[in-house]
Enquirer: 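Okay, handing you the structure first.
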Amino acid sequence: MAVQVEIWTDINCPFCYLGKRRFEQALAGFEHRDQVRVVHRSFELDPTLPAGHSGPVVAHIAEKYGISEAQAAANERGIAAQAQAAGLPYRTEGRDFGNSFDMHRLLHFALDRGRQDEVLDALYEGNFADERPVFGDRERLIELAARAGLDPVEVRATLDDPQAYADAVRADENTAAQLGARGVPFFVFDRTYGVSGAQPPEVFSQALERAWADHAPALQVLGDGDACGPDGCAVPAADDRG
């Protein structure tokens, strides 16, 4: 018996980075954590971006939300404070954003190789902590994937084939739409309970407990008669012995 947790994310999304850590904190304290299967699903925040596109994230946020670059930079500093509180490094200057489709294809390849979580961590670290950009640089993706334990030759072959895992990415995105996900991170527990956003660990703990309870419902006792317990056996009264 296992609980499956599916997490829709995008590498561009700082709250996905933060939400993953908060979920992991909840999972670490969950009694049945060894019986939880986590799968990361694809969600592009901007699927209209052309392949290879990248640009400065602060300018992008300012334009997208109609705010000044100073306000966008302040927002970045606010997210950085939350990340640091969760023990995550976060650069507030010099980051980029871009088309993430190849990253999602790579994560599906990593799932087949049993290294998906490690590759996702490497991509997050590359985007949010390292100085070198991760978008629009195929060699950088190969380097990060190899750091996470994948064969760089296989990674290059996967990235060089535009059809490799493309259908898997689109299937994830279609499923997210069917489930009503309008943003990420989006966590789904056994396709029964959903958690939207980088919630506190306590919220994820509650979702894990509820999903587990559905797998192991409380026993309903249909009869209650004489029995033995730690304190001994209940002896019928003399009048009941016939």
Enquirer: Over all heavy atoms of both residues, which pair between Tyr17 and Pro89 is shortest? Give the atoms and the distance, please.
Expert: OH-O, 2.7 Å
Enquirer: Should Leu107 and Phe43 be regarded as members of a common hydrophobic cluster, given that ILVMFWY residues are connected when their side-chain heavy atoms come within less than 4.5 Å of each other, either directly or indirectly?
Expert: no
Enquirer: Nearest 0.5 Å please: distance from the CG atom of Asp121 over to the CG atom of Leu144.
Expert: 11.5 Å
Enquirer: CD of Gln4: more than 12 outside heavy atoms within 6.0 angstrom?
Expert: yes
Enquirer: Quick test of your reading of the model: are Arg77 and Glu93 salt-bridged, counting only N-O distances below 4.0 Å?
Expert: no
Enquirer: Please collect all ring pair (Phe, Tyr, Trp, His ring centres under 6.0 Å) contacts where either partner lies in residues 63-94, sequence neighbours excluded, each pair once.
Expert: Tyr90-Phe128
Enquirer: Report the distance from atom SG of Cys13 to atom CZ of Phe97, rounding to the nearest 0.5 Å.
Expert: 14.5 Å
Enquirer: Assess whether atom CG of Asp167 is packed by more than 12 heavy atoms of other residues, nucleotides or ligands within 6.0 Å.
Expert: no
Enquirer: Got a donor-acceptor contact below 3.5 angstrom from the Arg115 side chain to the Ala148 backbone?
Expert: yes
Enquirer: Is Arg41 paired with Glu173 through a side-chain N to carboxylate O contact shorter than 4.0 Å?
Expert: no
Enquirer: If only atom types and distance count, is the side chain of Glu6 paired as donor or acceptor with the main-chain N or O of Val38 below 3.5 Å?
Expert: no
Enquirer: Show the nearest heavy-atom pair for residues Ile67 and Asn75, with the distance to one decimal.
Expert: CD1-ND2, 3.6 Å
Enquirer: Tell me if a side-chain donor or acceptor on His40 pairs with a main-chain N or O of Asp117 at a distance below 3.5 Å.
Expert: no
Enquirer: Is any side-chain heavy atom of Trp212 closer than 4.5 Å to a side-chain heavy atom of Glu31?
Expert: no
Enquirer: Quick one: does Glu76's side chain get under 4.5 Å of Arg95's, heavy atoms only?
Expert: yes
Enquirer: Considering only heavy atoms from C-beta outward, does the side chain of Val169 approach that of Phe101 to under 4.5 Å?
Expert: yes
Enquirer: Indicate the atoms forming the closest heavy-atom contact of Val134 with Leu141, along with that distance.
Expert: O-CD2, 3.8 Å
Enquirer: Quiz question: by atom type and distance under 3.5 Å, do the side chains of His104 and Asp172 form a donor-acceptor pair?
Expert: no
Enquirer: Holding to side-chain hydrogen bond (donor to acceptor under 3.5 Å, both in side chains), I want the full list of residues that pass it with Asp102, two or more places apart in sequence or in another chain.
Expert: Arg105, Arg138
Enquirer: Donor-acceptor pair, Ser100 side chain versus Met103 backbone, under 3.5 Å?
Expert: no
Enquirer: One pair to check against salt bridge (charged side-chain N to carboxylate O under 4.0 Å, His left out): Arg132 and Asp96. What are the steps and the verdict?
Expert: CA-CA 9 Å; Arg132 290 176 57 194; Asp96 63 346; over 6 Å; no
Enquirer: Any chance you could measure Phe186, atom CZ, to Trp8, atom CH2, to the nearest 0.5 Å?
Expert: 7.5 Å
Enquirer: To the nearest 0.5 Å, what is the distance between CG (Asp46) and CG (Asp10)?
Expert: 9.5 Å
Enquirer: Check for me, please, whether Val5 and Leu18 land in the same ILVMFWY cluster - side-chain distances under 4.5 Å, paths through other members count.
Expert: no
Enquirer: Return a table of donor-acceptor pairs under 3.5 angstrom between the side chains of residues 50-60 and protein atoms on other chains or two or more places apart.
Expert:
none

Enquirer: Name all residues meeting the side-chain hydrogen bond (donor to acceptor under 3.5 Å, both in side chains) criterion together with Asp112; count only those two or more places apart in sequence or in a different chain, and write none if there are none.
Expert: Tyr165
Enquirer: Return the orientation label for the Phe30 and His32 ring planes: parallel under 30°, perpendicular over 60°, tilted otherwise.
Expert: perpendicular
Enquirer: May I ask whether Val188 and Leu208 are part of the same hydrophobic cluster, defined by side-chain heavy atoms of I, L, V, M, F, W, Y residues being less than 4.5 angstrom apart, directly or through others?
Expert: no
Enquirer: With a 3.5 Å distance limit and no angle check, can you tell me whether Asn12 reaches the backbone of Gly98 through a side-chain donor-acceptor pair?
Expert: yes
Enquirer: Taking atom NZ of Lys20 and atom CD of Gln25, what is their separation to the nearest 0.5 Å?
Expert: 11.5 Å
Enquirer: Rounded at 0.5 Å granularity, tell me how far CD in Glu118 sits from CZ in Arg113.
Expert: 14.0 Å
Enquirer: Determine, using the 4.5 Å side-chain heavy-atom cutoff (strictly less than), whether Ile7 and Leu120 are members of one ILVMFWY cluster.
Expert: no
Enquirer: Tell me, please, which residues at least two apart from Asn127 pass side-chain hydrogen bond (donor to acceptor under 3.5 Å, both in side chains).
Expert: none
Enquirer: List the atom pairs, donor and acceptor, that lie under 3.5 Å between side-chain atoms in residues 193-207 and the rest of the protein, sequence neighbours left out.
Expert:
{"residue": "Tyr193", "atom": "OH", "partner": "Asp214", "partner atom": "OD2", "Å": "2.8"}
{"residue": "Gln199", "atom": "NE2", "partner": "Ser196", "partner atom": "O", "Å": "3.0"}
{"residue": "Ser205", "atom": "OG", "partner": "Pro201", "partner atom": "O", "Å": "3.1"}

Enquirer: Please tell me whether Val184 and Leu179 are part of a single hydrophobic cluster in this structure, the criterion being side-chain heavy atoms less than 4.5 Å apart.
Expert: yes
Enquirer: Show your reasoning for whether salt bridge (charged side-chain N to carboxylate O under 4.0 Å, His left out) applies to Arg147 and Asp130.
Expert: CA-CA 13 Å; Arg147 181 190 300 176; Asp130 291 353; 3.6 Å; yes
Enquirer: When you look at CZ of Arg210, are more than 12 heavy atoms from neighbouring residues, nucleotides or ligands closer to it than 6.0 Å?
Expert: no
